[in-house]
Structures are given as C-alpha cells and as structure tokens.
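This report concerns only the one structure given below.
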Amino acid sequence: MSRHFLDIHELESGVLRQILDVAMEVKGEEKRTQASRLSQKTLAMIFDKPSTRTRVSFEVAIKMLGGDAVVLNAKEMQLGRGETIGDTARVLSRYVDAIMIRTDNHDKLLQLAEAADVPVINGLTDFSHPCQIMADIMTLEEHLGPIRGKTLAWTGDGNNVATSWIHAAQRFDFNLNIACPEALRPNPEVVAWAEERQARVSIMEDPKAAVAGAEAVMTDVWVSMGDENADERRSLLAPYQVNDELMTAATPETLFLHCLPAHREEEVTTSVIDGPQSVVFDQAENRLHAQKGILAWCLG
Ligand code: CP
Ligand code: NVA
C-alpha cells in the first residue's frame, strides 16, 4: 500500500508530526547530507491549474534530496484528449516513484491515488490544500512554539485552504476561529467532521470577534482558481479584509499569514502583508522544507 499524502484528515497526528520533524531536520541539514535522502527517485507533477510555489518548491525539493522531477501540464498530456486518469496513473507508476497533482476536481486526485502503484500527493484541489498547511504549521511553530492549544483566526472565504485548516485544527489540537459571510462558509461536511470529533473550530460572521486574542490571523484570495461570480464574492468578502484596523483588534504580536499569491488591497492591505507582523515569505520558504518532509515520508 502506497503512502499517499492526500489530505490532513487522512493521516494520523503522529504521521503529520513525523513529517514536520523531518522537514525541520532537513531544513538544518547541509546540502550534501540532504542529497542522499531520495537518490534516484523521480517525482512526476501534473498541473491542471497554475502554480508558482508548489511547482518550484516540489521540483527544487526532490532535486535537493537527490532525485529528479518531470513537470506535466495536464492540457499537453493525453489526459487532455480523453485518456482516463486511471490509465494515466498506471502508466506513470511504471516510470516514476511518486506523483503530485494539482487539479480542479478532488475526485481526479482520488482516482489517481486509487489506480497508482506509487504514492500520490495532493498539490491542491478545489476541496483542499494540505501541503500548504504543513508549511504553515511549520512556520507558526518556528515563531510561536508548539501549535497545540494556540488560537488561529481565518477571515474570508471558507475555501480549500480553510478546509485543510479545519482538518489541521482537529489533528494538531488548536483553536480555529473562522469568520466568513454566511454564503461562503466552509464545506459543511468538513465542519460536521470536525464537530463529530470535538475539534475546537468556531465559525462566525464577525472578523473582529474571530481575531480577538488570536496568535495568528490568516486569509486567502477572495476568488480562487476556478471560482465564478468574482464580483459578487468581492462584495461579500469586503468586510473580511485584513487591514490595520483588523490587526489592531488582535494583539500587537499577532502574526499574519497568507498562502500566496495575494491580491493586495483586496483580501489584505499592503500595510499588513509588508508590515512587521507578516510572516508570508517565511511561509513561502517553508513550502520547500515541508515538501521535503512530505516526499521523504511518501518515499521513505
Ligand atoms: N500557495 C500556493 O500553493 O501557491 P502556488 O499556487 O503558487 O503554488
Ligand atoms: N484558494 C486558492 C489557493 C491558491 C494557492 C486557490 O485555490 O486558488
């Protein structure tokens, strides 16, 4: 059975912790030592949607660990001409040691994992973005110490990144306050999953209430890749902008996180993203280190 990295709630807390421990360990390692970890291993990456961080951090990560990467644009593959995802998975499994996919439909990820004989990694779907949250937790722990018991606030769209945060709140045992408009609440099945497990996830409409006393404030774009009704979303989400006034409702030490890409002056003002509380570029850097932890676990 392959070690897939499909979603945070699909893995036990101990495994997630082990991945983060390896990520931290490799971050401190000399390049020469890293290069023997995944020698001769090849990662295929399929992109159905654009990417800067995920693409570059995975490619650099596998190469630094001694392996290699093949980057595939789904539209340029036979997938784009009707070959099934299952056949694609079976063929790629004969060539490479792991497959990462970024795609619109989460079912495509699941079908790929079902048919592949090698580990499959979720590089973002319309449902979730688990690799991002691993890097984010790594970043928070570097700045704040253990995440357990901390309070994090999410303000804005209850999107794919928010879903992975909800999964993480349960697995890593922290408080998560989510402020969003009624129409853009997180996936109800994910919320129900968290409630059944007594996860400390609170959903509210008032962003100031969400950030009060929080150790970190997080947001994401108002219009995700593939989203429609951009104008309607922008008007619904306008009260959820992370600006100086909202950060003042938190504490002077509260960190600001954003998975990037950011749309400055929409979900976050330049004053906040470039301000002293922002750790967004540490977060972006940690994508590289976290991917190494994920790859090492999948291929270990
Ligand atoms: N945060 C993130 O996944 O960025 P990319 O879309 O650039 O990969
Ligand atoms: N929610 C965003 C995240 C981008 C990394 C999107 O899906 O477009």
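It should be emphasised that the depicted structure is a prediction, and the values quoted were computed from it without experimental measurement. Order of listing sets the numbers, starting from 1, for every ligand and every atom in it. All heavy atoms count here, side chains included; hydrogens, waters and symmetry mates do not.
Look at L260 and you'll find a heavy atom under 4.0 Å from some atom of ligand 2.
In this structure R102 satisfies the side-chain hydrogen bond (donor to acceptor under 3.5 Å, both in side chains) test together with T54, sequence neighbours excluded.
Both M134 and L176 belong to a common hydrophobic cluster when Ile, Leu, Val, Met, Phe, Trp and Tyr are linked at side-chain heavy-atom distances under 4.5 angstrom.
No side-chain N or O of E267 forms a donor-acceptor pair with one of H263 less than 3.5 Å apart. Counted by atom type alone, S224 and D157 present zero donor-acceptor pairs between their side chains at under 3.5 Å. At a cut-off of 3.5 Å, with distance as the only test, a side-chain donor of Q291 or S57 sits close to an acceptor on the other residue. T251 and T254 share a donor-acceptor pair across their side chains, judged by distance under 3.5 Å alone.
Counting only heavy atoms of the protein, atom 3 (C) of ligand 2 lies nearest to D220 OD2, 3.5 Å. Distance from atom 7 (O) of ligand 2 to its nearest protein heavy atom, with residue and atom name: N160 ND2, 2.8 Å. Among all protein heavy atoms, the one lying closest to atom 8 (O) of ligand 2 is M225 N, 2.8 Å.
Counting non-hydrogen atoms of other residues, nucleotides and ligands closer than 6.0 Å to CZ of R90 gives a total of 12 or fewer.
A distance limit of 4.0 angstrom between heavy atoms and ligand 1 selects the residues S51, T52, R53, T54, R102, H129, Q132, C259, L260, R287.
Residue contacts with ligand 2, taken as heavy atom pairs separated by less than 4.0 Å, involve L124 solely via side-chain atoms from C-beta onward.
Between H129 and ligand 2, no pair of N/O atoms sits closer than 3.5 Å.
Between P261 and H258, the closest heavy-atom pair is O-CE1, 3.3 Å.
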Begin from the C-alpha positions of E29 and K292 and carry the test salt bridge (Lys or Arg N to Asp or Glu O under 4.0 Å) through to its verdict.
CA-CA 12 Å; E29 259 174 19; K292 289 179 185 171; over 6 Å; no
